[in-house]
2 protein chains.
Amino acid sequence: MVAKESKQRGRPRSFDRDTALEKAIRSFWEHGYESTSISDLTREMGISAPSLYAAFGDKRALFEEAVTVYGRLYGGFITRALAEEPTGRRGVERALREAAAEYTVPDRPRGCMVISAALNTAPASAEVAASLRQKRQQNVREIERAVRADIAAGDLPPGTDARALAEYVSAILAGMSQSARDGTDRHTLEAVADLAMNAWPRTEQPAPDTP
Amino acid sequence: MVAKESKQRGRPRSFDRDTALEKAIRSFWEHGYESTSISDLTREMGISAPSLYAAFGDKRALFEEAVTVYGRLYGGFITRALAEEPTGRRGVERALREAAAEYTVPDRPRGCMVISAALNTAPASAEVAASLRQKRQQNVREIERAVRADIAAGDLPPGTDARALAEYVSAILAGMSQSARDGTDRHTLEAVADLAMNAWPRTEQPAPDTP
DNA sequence: GTTTTTGTGTAGCGAGCGATACAGAAAGTT
DNA sequence: AACTTTCTGTATCGCTCGCTACACAAAAAC
């Protein structure tokens with residue numbers, strides 16, 4: 001995919017595809033799918049419409065690619081936190097904490113692109129909305145898996161409702177994204193994340209090893 | 001405003017203004033401001049474009065009126081809960097619980113119109129987005145006031161960060177709205193609301209009256 | 001140098017957008 | 001009845017949308 005087999009034959013592309021895609025990501029992230037017009041994109045990407053269509057297909061395909069690359073570059077922190085931390089609690093705690101930072105990086109669109117890029121669901125872009133919803137639900141299932149692992153490990157009470165706890169975490173994440181879009185600063189969002197973790201169920205006995 | 005001074009002179013309106021406005025509310029609530037076109041509105045409201053413009057001004061004015069009436073008919077439960085319950089905790093608890101119900105009423109757009117109706121902020125409708133953001137921030141300040149009241153009453157530890165706690169509640173509300181839009185059912189949302197309340201800070205001593 | 005291939009720029013397609021001009025219809029006023 | 005006022009339906013307006021036809025430019029292949 002990346003390695004070019006041999007020299008291209010025709011006239012070479014006069015712009016850097018990755019740079020242009022990055023600009024497209026920023027545009028979609030900032031304004032959402034519908035509200036980002038082709039002329040917005042060509043202006044931001046610094047290319048003409050025919051070049052855009054030649055390089056990326058159509059608006060829909062460009063958006064799909066933007067979401068994919070966004071996930072790799074900016075949206076992976078939740079998955080990473082859950083995978084790298086020893087317990088679900090630590091993973092979620094880190095994910096929430098990192099969200100506070102990620103959602104408020106200066107000179108970058110605030111909040112989560114997947115959460116906010118297609119909330120206005122016009123019939124014409126219903127497929128886009130459905131695709132993003134699926135991604136969010138996939139994320140919830142990922143969190144739920146981490147919760148179940150904690151229950152199995154005895155780090156959470158056996159009666160814990162894993163589905164609800166996962167939905168709760170997903171909701172607070174969406175809420176923080178929303179809050180960030182409205183201008184809430186990083187410090188306040190971190191305080192929100194701390195508070196949210198107080199809701200994490202406590203085990204009856206702290207540890208059964210100290211007699 | 002409501003009482004008609006005397007008999008109207010010209011040809012009477014052939015549709016009920018309130019019913020038409022209700023239809024407009026549903027449309028904006030479901031699809032958002034930008035994604036609801038004038039032709040969508042005229043179809044749903046059962047009137048022609050000139051009638052719409054004569055009765056409501058332009059699209060922007062119709063939306064403003066829709067948001068106002070939405071707040072009176074559907075969005076007032078938070079203010080009501082905070083005002084009627086004896087403590088902030090009880091008020092927020094009730095608001096969260098009612099949100100779970102309000103956001104998932106069958107045959108009604110899911111989630112909160114103010115939160116979701118203008119998240120896609122195209123430059124053309126930046127004013128609309130700003131207006132809605134202001135309403136949300138006003139809501140946060142309302143919650144913050146209730147929290148401060150609890151602190152003063154000794155129902156919350158003196159060191160409680162009122163601003164952060166208010167932002168947390170606002171975030172979980174926004175998250176639940178998002179979650180509801182994605183299809184999460186009322187039962188699960190209620191479980192989320194219960195979980196969220198576990199984050200509410202506890203006072204050191206339950207009550208200083210029992211010796 | 002000629003041919004082939006591919007990208008670029010101009011210019012414009014049909015469709016839908018928000019909004020309105022205009023003529024006619026339906027009520028009260030006289 | 002005639003007149004005035006207001007609302008309604010048709011038929012658009014100018015504009016922007018996503019998208020593309022077409023001629024020209026710039027590279028490799030021969």
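Letters A, B, ... are given to chains in the order of the sequence lines, protein chains preceding strands, and every chain is numbered from 1.
One atom, CZ of B/Arg17, and another, C1' of D/dT8, lie 17 Å apart when rounded to the nearest Å. B/Leu52 has its CG atom 19 Å from the P atom of D/dT6, to the nearest Å. At whole-Å resolution of the value, NZ in A/Lys59 and C1' in D/dT16 are 12 Å apart. Straight-line distance from the CG atom of A/Asp58 to the C1' atom of D/dT20: 12 Å, rounded to whole Å. In this structure, A/Arg13 places its CZ atom 13 Å from P of C/dG9, rounding to the nearest Å. Separating the CD atom of B/Glu34 from the C1' atom of D/dC17 is a distance of 13 Å, rounded to the nearest angstrom. What separates CG of B/Asp16 from P of D/dC7 is a distance of 14 Å, to the nearest Å.
Using a 4.0 Å heavy-atom cutoff across all strands shown, A/Thr42 reaches no nucleic acid atom at all. Using a 4.0 Å heavy-atom distance criterion, B/Ala54 is classed as making no nucleic acid contact.
Contact annotation: B/Tyr53 side-chain N/O to C/dA19 OP1/OP2 distance is under 4.0 Å. Phosphate proximity of C/dG9 to A/Ser48: present, with a side-chain N or O under 4.0 Å from OP1 or OP2.
Each of B/Tyr74, B/Phe63, B/Tyr103 was evaluated against B/Trp29; a single residue qualifies, B/Tyr74, per the ring pair (Phe, Tyr, Trp, His ring centres under 6.0 Å) test.
Residue B/Pro50 is the one, among A/Gly57 and B/Pro50, whose nearest nucleotide of DNA chain D lies closer to the 5' end (criterion: closest heavy atom).
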